[in-house]
Number of protein chains: 2
Amino acid sequence: MKAARYYDRGDIRIENIEPQALEAGTVRVDVAWTGICGTDLHEYLDGPIFVPAHGHPHPISGEDAPITLGHEFSGVVSELGEGVTDLAVGDHVVIEPYIIRDSVDTGPESKDYHLSPDMNFIGLAGRGGGLSENIVVKSRWVHKIDKAVPLDEAALIEPLSVAYHAVQRSGVVAGQTAVVGGAGPIGQLTAAVLHALGVKVIISELSPLRRQKALDAGVADVALNPAEVDVVAEVKKLTDGKGADVAFECTSVQVVFDTLMDAVRPTGVIVVVSIWGKPATFDMHKLVMRELDVRGTIGYVNSHPDTIALVESGKIDLKPFITGKIALEDLVDKGFDTLINHNETAVKILVSPSGKGL
Amino acid sequence: MKAARYYDRGDIRIENIEPQALEAGTVRVDVAWTGICGTDLHEYLDGPIFVPAHGHPHPISGEDAPITLGHEFSGVVSELGEGVTDLAVGDHVVIEPYIIRDSVDTGPESKDYHLSPDMNFIGLAGRGGGLSENIVVKSRWVHKIDKAVPLDEAALIEPLSVAYHAVQRSGVVAGQTAVVGGAGPIGQLTAAVLHALGVKVIISELSPLRRQKALDAGVADVALNPAEVDVVAEVKKLTDGKGADVAFECTSVQVVFDTLMDAVRPTGVIVVVSIWGKPATFDMHKLVMRELDVRGTIGYVNSHPDTIALVESGKIDLKPFITGKIALEDLVDKGFDTLINHNETAVKILVSPSGKGL
């Protein structure tokens with residue numbers, strides 16, 4: 001079958017590979033659509049980072065480069081391994097793409113399996129990937145979705161789960177106000193979750209196209225241009241002088257973080273969703289005197305069922321965030337290059353590994 | 001009556017002043033004991049900071065230097081203003097020394113009156129102070145205590161409330177493990193609250209005298225010397241490899257903060273209790289990848305009733321932390337100078353403004 005394989009920085013190849021063997025406790029999923037993630041771009045431009053370099057196998061998967069890419073995907077169950085009773089052939093599903101040691105408790109009460117040692121992702125560190133015609137996954141990581149949800153939109157449930165978990169980390173409740181700093185893909189999806197939960201959403205974003213996307217998609221109540229307005233003053237105006245209840249840092253830019261520290265009310269929460277490649281400077285005095293709360297968030301943990309429910313209920317419409325659909329052969333030319341060079345207009349580009357959806 | 005008055009940096013005078021007038025809604029408290037706080041030292045060495053400098057009256061109190069010092073104190077009600085029905089002459093009391101606008105909701109459900117604009121403290125920004133023979137205070141800020149609690153120990157309830165609020169901010173529960181970075185007065189009292197709540201306490205402190213004090217007072221289960229041992233490795237050993245659930249930064253030292261970021265488990269909480277005069281550097285990647293939670297804390301908010309209950313129940317013994325008792329005339333020579341020059345042995349020095357307790 002065809003698959004996109006990461007060999008090294010700048011070296012991704014579309015190849016024919018053997019499908020994985022079905023084992024007890026796993027299912028085979030025929031991949032429908034797979035999104036290209038910022039992490040994939042990062043591996044292509046600066047990697048290997050999450051990908052285990054050739055000769056350095058991942059301690060859990062035992063695999064090293066080349067590996068099959070793709071961790072944001074939807075599909076249809078085509079084969080059931082021994083002992084799998086909660087799924088059926090023909091089920092529409094999405095994958096929670098974790099590679100986690102079998103000894104870790106990944107039960108429904110766990111709040112931290114995603115932070116267990118050596119955790120990594122299917123589609124980055126082995127065990128196949130969504131950028132291939134099919135994949136074999138342990139049934140624990142396969143989530144059934146209603147067939148009323150189009151499979152292309154379902155491919156966005158993985159990044160939406162990142163946003164959902166970030167929102168859960170903030171503790172925000174309906175009727176409160178949130179500021180989202182940065183309206184790239186994760187900022188947009190964070191706004192979508194907040195909006196669906198009844199939170200008032202103020203976006204701060206330099207790009208006019210991204211601001212317009214958030215407004216058109218209906219996920220932002222207000223979109224501010226930080227080059228033109230005083231974001232802190234505007235947020236205060238919009239919150240009766242109090243400041244926002246929570247904020248989401250989705251840029252890894254120092255000035256955005258500083259702005260959010262001022263834009264939230266006393267005892268406000270700032271969730272850092274972005275990956276920072278450098279240390280931040282931090283006004284500890286402000287943290288103390290305003291009793292702020294700065295929280296990290298990464299991935300998701302038992303977040304898929306609630307995230308899927310939000311999509312199934314129609315409270316979140318993922319269609320506006322799909323800005324392109326391409327064939328596997330065009331992954332680098334039409335996918336990665338577009339996202340790198342035209343990242344203001346592109347939100348999520350989907351790949352059809354089989355070509356059937358195109 | 002006698003009072004210690006702050007004029008300017010390095011200029012504190014013991015003077016005779018007129019007692020304040022009793023007004024409706026206030027009570028007069030004859031001061032028993034008043035603790036010297038690090039904030040008082042800070043005003044003396046580097047101030048005025050909280051104190052409104054001469055010619056710059058505080059926007060709520062309307063007062064400027066000279067002001068009467070002292071915000072950690074106990075006493076006995078000696079006179080009741082009109083309309084005060086919840087207190088009686090002879091009651092033993094402690095003061096929650098806030099100066100807050102009348103328009104702010106300071107009811108029992110409020111979680112943020114201490115963060116209201118221009119908040120300041122009795123004994124720093126006007127409205128009298130504990131370093132005088134008596135003081136007139138609005139009854140809202142007067143908390144009755146059981147007469148079984150010695151009045152000298154009761155003078156420590158104010159800083160203990162700071163510690164109590166810091167512990168509440170952390171969300172720690174009985175059976176969990178906390179690391180306290182720094183065993184100065186607030187570190188010791190934070191350990192005392194944690195211990196009283198059934199939390200295992202690990203202190204990290206350079207000073208052998210302070211480590212010994214925490215062990216002798218029974219508030220630390222373990223006291224580590226960060227110059228001799230790897231604190232992170234020791235904490236992991238003491239927590240089955242997991243790391244502490246919460247940590248308290250009580251030093252305003254970068255390396256202590258960094259250590260605490262590593263000493264807590266994934267999703268752990270670090271509460272910053274100390275006042276930082278400079279920006280911190282901050283490993284945002286670690287915050288994100290370990291889902292840490294860094295929270296500021298300042299003062300207290302509806303914390304006195306629970307704090308007093310812990311002392312009345314005998315779960316916290318404040319006696320070990322009283323390391324000196326002096327007369328008002330000796331405030332600078334025997335009080336401030338001792339704390340500045342011998343701060344390893346001195347925890348809390350108490351002043352008797354009337355001289356009656358000596």
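The basis for the numbers below is simple: all heavy atoms, side chains too, and nothing from hydrogens, waters or symmetry mates. Labels below follow one simple rule: chain letters A, B, ... track the order of the sequence lines, proteins then strands, and each chain is numbered from 1.
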Legend entry - Heavy-atom pair count under 4.5 Å with chain A, highest-scoring of Gly296(B), Ser116(B), Gly277(B): Gly296(B)
Legend entry - Pair Phe257(A) and Phe282(A), ring centroids less than 6.0 Å apart: yes
Legend entry - chain A contacts, top residue of Val273(B), Leu115(B), Ile275(B), Val272(B) (heavy-atom pairs, under 4.5 Å): Leu115(B)
Legend entry - N/O donor-acceptor pair under 3.5 Å between Arg290(B) side chain and Val264(B) backbone: yes
Inset, instruction - Using non-hydrogen atoms and a 4.5 Å limit, figure out which bit of Arg265(A) sits close to chain B: side chain, backbone, both or neither. - result: neither
Inset, instruction - Measure from the side-chain N and O atoms of Asp40(A) to the backbone N and O of Cys37(A), and report whether any donor-acceptor pair falls under 3.5 Å. - result: yes
Inset, instruction - Determine the option with the most heavy-atom pairs under 4.5 angstrom with chain B, choosing from Glu291(A), Glu249(A), Arg295(A). - result: Glu291(A)
Inset, instruction - Measure the shortest side-chain to side-chain distance between Lys348(A) and Glu72(A) over non-hydrogen atoms and say whether it is less than 4.5 angstrom. - result: yes
Legend entry - Heavy-atom pair of closest approach, residues Ala263(A) and Val232(A): N-CG2, 4.1 Å
Inset, instruction - Determine the option with the most heavy-atom pairs under 4.5 angstrom with chain A, choosing from Lys278(B), Met119(B), His165(B), Lys111(B). - result: His165(B)
Legend entry - chain B interface, residue from Lys286(A), Arg169(A), His114(A) that has the most non-hydrogen pairs under 4.5 Å: Arg169(A)
Inset, instruction - Give a yes or no on whether the ring-centroid distance for Tyr300(B) and Tyr98(B) is below 6.0 angstrom. - result: yes
Inset, instruction - Please flag which part of Ser274(A) lies under 4.5 Å from any non-hydrogen atom of chain B: side chain, backbone, both or neither. - result: backbone
